[in-house]
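Below is one structure; the comments refer to it alone.
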Amino acid sequence: MATFLLVHGAWHNGRSWDRVVPLLESAGHRALAPSLTGYGDKAHLLSPEVGLGTHIDDVAGLIDDECLEDVVLVGHSYAGMVISGVAHRIPRRIAHLVFLDAMVPDDGDTAVDVQPITQQLIDLAVNGWRVPPMPEQPPPLGLFGVTDPDDLAWLRSMLSDQPVRCLREPVRLDDPIARTIPRTHIHCLLGRPAGITRRPVPAGERVRELPTGHDCMITMPAELTGLLLEVAQSVLGE
C-alpha cells in the first residue's frame with residue numbers, strides 16, 4: 001500500500017480531490033486530501049497572516065501527526081510551492097513528489113517568481129490581501145480548465161480567496177537530501193490561459209501529460225488516478 005497526500009492549489013480546498021480519493025482507495029492505497037488553512041473546513045482561519053509557510057506547516061504537521069512514512073506527495077498548481085517546502089523540511093518522510101500542473105520553484109522563489117502573471121492577480125486583491133479566484137472565461141478555458149456546467153457549479157462551491165502572503169512569501173529549499181527524492185511532473189495540455197508559463201523540467205525527471213484543463217482531478221479523475229498508480233508502482237518497486 002502506498003500513502004498519497006494530495007495537496008490542493010490556490011483558491012480550492014480538499015474537496016477538489018473527491019473524485020480521485022476513492023479511486024486510489026479502491027486500488028488498495030491510502031489517500032489523504034486535507035484543506036489548507038483558510039479553505040474548506042478551515043475557511044474560518046483565513047487572514048492576512050496566512051502564507052506559504054502556514055501551508056507548509058499544515059502538510060508537514062499532518063505527516064507528523066499521522067506518523068506517515070514513504071509519502072507520495074502530490075501538489076496541484078500553487079501547491080507545487082507547498083510540497084517543495086515540505087520535502088526540504090522532512091525529506092526522509094517523502095518517497096516521491098508529483099507536481100500536478102504545478103509551480104516548480106527554486107530556492108528563494110515566490111509564486112510570483114515562478115508564475116509572473118500572479119502579480120496581476122495580486123493587483124486585484126480586496127482590502128490589500130484577499131486575492132479572488134481567476135475569472136471564468138469562455139470554453140475551452142472555462143474556470144481552471146473546467147467547462148462542464150455541472151462540474152462548474154461544483155467547482156464554484158469550493159472556491160475562496162487566496163491571501164497575498166501565500167504568493168509573495170519565498171520558499172526555502174536548502175536541504176540537498178530533498179533533491180534526491182524522485183519527481184514526476186504531470187502537465188495538463190488544454191485550456192491554458194494567456195500568460196501562464198511552465199519552466200523546463202530538469203533532465204531525468206519523469207513527465208506525463210493529460211489532454212485536459214488545469215483542474216484535471218475534476219475533469220479526468222480516472223486518467224489522473226492511473227498516472228498516480230504508476231507512481232505508486234515505482235515507489236513500491238512493483
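- Although no hydrogens or angles enter the test, the distance criterion places a donor-acceptor pair under 3.5 Å between the side chain of His29 and the main chain of Ala2.
- Note on Leu155: it does not cluster hydrophobically with Leu141, by side-chain heavy-atom contacts below 4.5 Å among ILVMFWY residues.
- Across all non-hydrogen atoms, the minimal contact from Ser16 to His8 is OG-CB, 3.7 Å.
- Interatomic distance, Trp129 CH2 to Cys166 SG, rounded to the nearest 0.5 Å: 10.0 Å.
- Within the 3.5 Å criterion, the main-chain N or O of Thr197 finds a donor-acceptor partner in the side chain of Gln115.
- The backbone N or O of His96 lies less than 3.5 Å from no partner atom in the side chain of Arg183, so there is not a single donor-acceptor pair.
- For the pair Leu100 and Cys216, the minimum side-chain heavy-atom distance is below 4.5 Å.
- The minimum heavy-atom distance between Asp174 and Pro176, with the atom names listed, is O-CD, 3.5 Å.
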Item to complete: Could you check His76 against Asp215 for side-chain contact (heavy atoms from CB on, under 4.5 Å), going step by step and ending with a plain yes or no?
Response: CA-CA 8 Å; His76 177 240; Asp215 276 7; 3.0 Å; yes
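- Ionic pairing of Asp113 and Arg168 is not present here: no N-O contact between side-chain nitrogen and carboxylate oxygen is shorter than 4.0 angstrom.
- In this structure, the ring pair (Phe, Tyr, Trp, His ring centres under 6.0 Å) partners of His55, at least two apart in sequence or on a different chain, are Tyr39, Tyr78.
- With a 4.5 Å cut-off on side-chain heavy atoms, Thr3 and Asp70 do not count as touching.
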Worksheet entry | Asp18 and Met217: CA distance, side-chain angles, deciding distance, side-chain contact (heavy atoms from CB on, under 4.5 Å) verdict | CA-CA 8 Å; Asp18 279 0; Met217 71 287 291; over 6 Å; no
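- Side-chain N or O atoms of Thr110 include none that pairs as donor or acceptor with a backbone N or O of Pro170 at under 3.5 Å.
- Rounding to the nearest 0.5 Å gives a distance of 8.0 Å between CD1 of Ile196 and OG of Ser77.
- A salt bridge links Arg156 with Glu136: the closest approach of a Lys/Arg side-chain nitrogen to an acidic carboxylate oxygen falls below 4.0 angstrom.
- Side-chain contact check for Leu68 versus Arg30: some heavy-atom pair is nearer than 4.5 Å.
- For the pair Met220 and Pro211, the minimum side-chain heavy-atom distance is below 4.5 Å.
- Of the possible donor and acceptor atoms, one in the side chain of His12 sits under 3.5 Å from a partner among the backbone N and O of Ala10.
- Here the straight-line distance linking atom CD of Glu169 with atom CG of Leu52 works out to 5.0 Å at 0.5 Å rounding.
- Looking only at distances, no side-chain donor or acceptor of Glu223 sits under 3.5 Å from a matching main-chain atom of Leu210.
- Using a 4.5 Å heavy-atom cutoff, the side chains of Val50 and Leu45 are not in contact.
- Minimum heavy-atom separation, Pro91 to Ile181: O-CD1, 3.8 Å.
- When the side chains of ILVMFWY residues are joined at heavy-atom separations under 4.5 Å, either directly or via intervening members, Leu224 and Leu23 end up in two distinct hydrophobic clusters.
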Worksheet entry | Check against side-chain contact (heavy atoms from CB on, under 4.5 Å), Ile186 and Asp101 | CA-CA 6 Å; Ile186 300 176; Asp101 219 36; over 6 Å; no
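- When side chains are defined from C-beta on, Leu32 does not count as touching Phe4, because their heavy atoms never get closer than 4.5 Å.
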Item to complete: Dump the intermediate steps for side-chain contact (heavy atoms from CB on, under 4.5 Å) on Arg199 and Met103, then the final yes or no.
Response: CA-CA 8 Å; Arg199 288 181 169 180; Met103 296 182 178; over 6 Å; no
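- Not counting sequence neighbours, the partners of Gln120 by the side-chain contact (heavy atoms from CB on, under 4.5 Å) test are Ile117.
- At least one donor-acceptor pair closer than 3.5 Å links the side chain of His88 to the backbone N or O of Asp175.
- Between Gly40 and Ser35, the closest heavy-atom pair is CA-OG, 3.8 Å.
- A side-chain donor-acceptor contact under 3.5 Å links Trp11 to the backbone of Val131.
- Judged as a ring pair (Phe, Tyr, Trp, His ring centres under 6.0 Å), and not counting sequence neighbours, the contacts of His185 are Phe99.
- Residue Leu189 is found outside any hydrophobic cluster, as its side-chain heavy atoms come under 4.5 Å of no other Ile, Leu, Val, Met, Phe, Trp or Tyr.
- Val59 pairs in a side-chain contact (heavy atoms from CB on, under 4.5 Å) with only one of the listed residues (Leu73, Ile83, Val71), which is Leu73.
- Ser157 and Arg15 share a side-chain donor-acceptor pair at under 3.5 Å.
- Formation of a donor-acceptor pair under 3.5 Å by the Asp58 side chain with backbone atoms of Thr37 is found in this model.
- A side-chain donor-acceptor contact under 3.5 Å links Asp107 to the backbone of Leu173.
- Side-chain atoms of Ile94 and Ile63, non-hydrogen and from C-beta on, do get closer than 4.5 Å to each other.
- When every heavy atom of Ala95 is checked against every heavy atom of Val235, the shortest pair comes out as CB-CG1, 3.9 Å.
- Between Leu46 and Ser160, the closest side-chain pair of non-hydrogen atoms is not below 4.5 Å.
- Listed by first then second residue, pairs satisfying side-chain hydrogen bond (donor to acceptor under 3.5 Å, both in side chains) with a partner in residues 145-154 read Arg19-Asp151, not counting sequence neighbours.
- No chain of hydrophobic side-chain contacts below 4.5 Å, direct or via other Ile, Leu, Val, Met, Phe, Trp or Tyr residues, connects Ile218 to Leu190.
- Arg208 is linked by a salt bridge (charged side-chain N to carboxylate O under 4.0 Å, His left out) to Glu230, counting only residues two or more places apart in sequence or in another chain.
- For the pair Val21 and Ala33, the tightest heavy-atom approach, listed with the atom from each and the gap, is CG2-CB, 4.0 Å.
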